[in-house]
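Report on the following structure.
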Amino acid sequence: MNELILGIDIGGSGIKGAPVDVTTGELIAERHRIPTPQPATPKAVAKVVAELANYFAWESAPIGCTFPAIVKKGFTLSAANVDKKWIGTDADTLFEKKTGSSVTVLNDADAAGLAEMKFGVGKGVSGVVMMLTFGTGIGSALFIDGKLVPNTELGHMGVGKHENAESWTAARIREDEDLSWKKWAGRVESYLQHLEFLFSPDLFIIGGGVSKRSEKFFPYIDLKTKMVPAALLNNAGIVGAAMAALDKNS
Ligand code: BGC
């Protein structure tokens, strides 16, 4: 069983990586970031993944990698905020060819959720836990007694007259529409109340960049369900990706 795995987090503006000790969830070297190439085609992104592996002199040991889309058995199957060429790409194999390592690709929110459930605020929580990440889009990760139900894509659920929650209430929308925290929080509240009605979760975990500013919007959100900000912040994706790769390689 490998305990050191290179975790890589592919985002819209940066691709970040660091070796992770998967028994403790700690990064064992400072993370390295390379700007996401534009356009972020499979070929261009694979080149950056290989650059990160080289940077950490990562030879043939496993790599785990997040991707902001539906990922099934290593294939990327949707492209809400990424280059459409990703739809139907065998990302595991593409990255394996470039790096010479075994690579496990999974959805970004699922990875962040796995890390929070093992090392963060979801640790030891049973029942239904729902993590939502607010960023360019909205990602979701659903856990039932600690077990992930992958690719839930709840950011694409409709709320009220809005067909797609993420184009109304992602963190990016607060900036694009120059909304006050209070106004944006009202939208997040409607969204979470709808999820609460549909899933009766035991805990909501709020992740993404905004989770470190929870005092700005949590006070405006009224729910029956307990809601907590994520603990691992920027590193959740890297750590969760490494955890997923450990599962595939053990
Ligand atoms: C994608 C999800 C992703 C989320 C956060 C959404 O647009 O459909 O797969 O998890 O953005 O990046």
Side-chain angles (χ1 to χ4, degrees), residues 7-17 33 35-40 42 45 48-49 64-92 104-117 120 122 129-143 148-159 162-176 184 187-188 191-192 194-195 199 204-212 229-230 232-241 243-244:
I8 295 181
D9 193 10
I10 300 179
S13 57
I15 303 184
K16 299 137 277 182
R33 178 183 189 276
T36 306
Q38 298 302 337
V45 170
V48 174
V49 168
C65 205
T66 74
F67 196 76
I70 298 172
V71 186
K72 255 186 118 116
K73 299 199 167 96
F75 282 75
T76 48
L77 299 180
S78 65
N81 292 307
V82 296
D83 193 283
K84 302 294 175 239
K85 286 207 180 85
W86 283 98
I87 299 175
T89 294
D90 181 351
D92 276 10
T104 307
V105 181
L106 79 161
N107 172 264
D108 56 355
D110 284 349
L114 285 173
E116 285 295 334
M117 293 303 284
V129 178
M130 191 173 273
M131 170 144 179
L132 297 154
T133 62
F134 291 84
T136 307
I138 298 178
S140 61
L142 178 66
F143 293 86
L148 173 68
V149 181
N151 293 307
T152 42
E153 292 293 331
L154 295 171
H156 294 277
M157 191 181 75
V159 206
H162 304 277
E163 231 172 75
N164 194 334
E166 79 170 16
S167 42
W168 183 60
T169 195
R172 172 179 54 93
I173 303 296
R174 189 184 66 81
E175 289 162 20
D176 288 358
W184 180 70
R187 294 185 181 189
V188 176
Y191 174 54
L192 294 178
H194 194 46
L195 286 171
F199 291 91
F204 277 123
I205 302 176
I206 306 301
V210 288
S211 60
K212 50 178 179 287
L232 302 177
L233 304 176
N234 292 340
N235 293 336
I238 293 177
V239 174
M243 288 169 61

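Both ligands and their constituent atoms are indexed starting at 1 by order of listing.
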Please list the nearest protein heavy atom to [atom] with its residue and the distance rounded to 0.1 Å.
atom	answer
atom 7 (O) of ligand 1	E166 OE1, 2.8 Å
atom 3 (C) of ligand 1	D108 OD1, 3.3 Å
atom 9 (O) of ligand 1	E153 OE2, 2.5 Å

Output yes when the distance from some N or O of ligand 1 to some N or O of [X] is under 3.5 Å, and no in every other case.
X	value
H156	yes
S78	no
S140	no

On a heavy-atom basis, which atom in [X] and which in [Y] lie closest, and how many Å separate them?
X	Y	answer
A115	G240	CB-N, 3.7 Å
T169	F134	O-CD2, 3.6 Å
L114	A244	CD1-CB, 4.3 Å

Practice item. Mind checking the CD1-SG spacing from I238 to C65? Nearest 0.5 Å is all I need. Key: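 If I round to the nearest 0.5 Å, the distance is 10.5 Å.
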For the pair [X] (side chain) and [Y] (backbone), establish whether a donor and an acceptor sit closer than 3.5 Å, ignoring hydrogens and angles.
X	Y	result
W86	A40	yes
T36	G11	yes
N107	A69	yes

Those atoms of ligand 1 less than 4.0 Å from some heavy atom in [X]:
X	result
N107	2 (C), 3 (C), 9 (O), 10 (O)
A69	9 (O)
A80	7 (O), 8 (O)
G139	4 (C), 5 (C), 10 (O)

Exercise for review: Mind checking whether I138 contacts ligand 1 via backbone (N, CA, C, O), side chain (CB onward), both or neither, at a 4.0 Å heavy-atom cut-off?
Suggested key: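 The backbone, only.
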**Study point:** Structural part of P68 in contact with ligand 1, heavy atom criterion under 4.0 angstrom
**Key:**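 Both parts.
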Review point. Quick one: side-chain hydrogen bond (donor to acceptor under 3.5 Å, both in side chains) partners of D110, sequence neighbours excluded?
Key: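 For D110 there are no side-chain hydrogen bond (donor to acceptor under 3.5 Å, both in side chains) partners, ignoring immediate neighbours.
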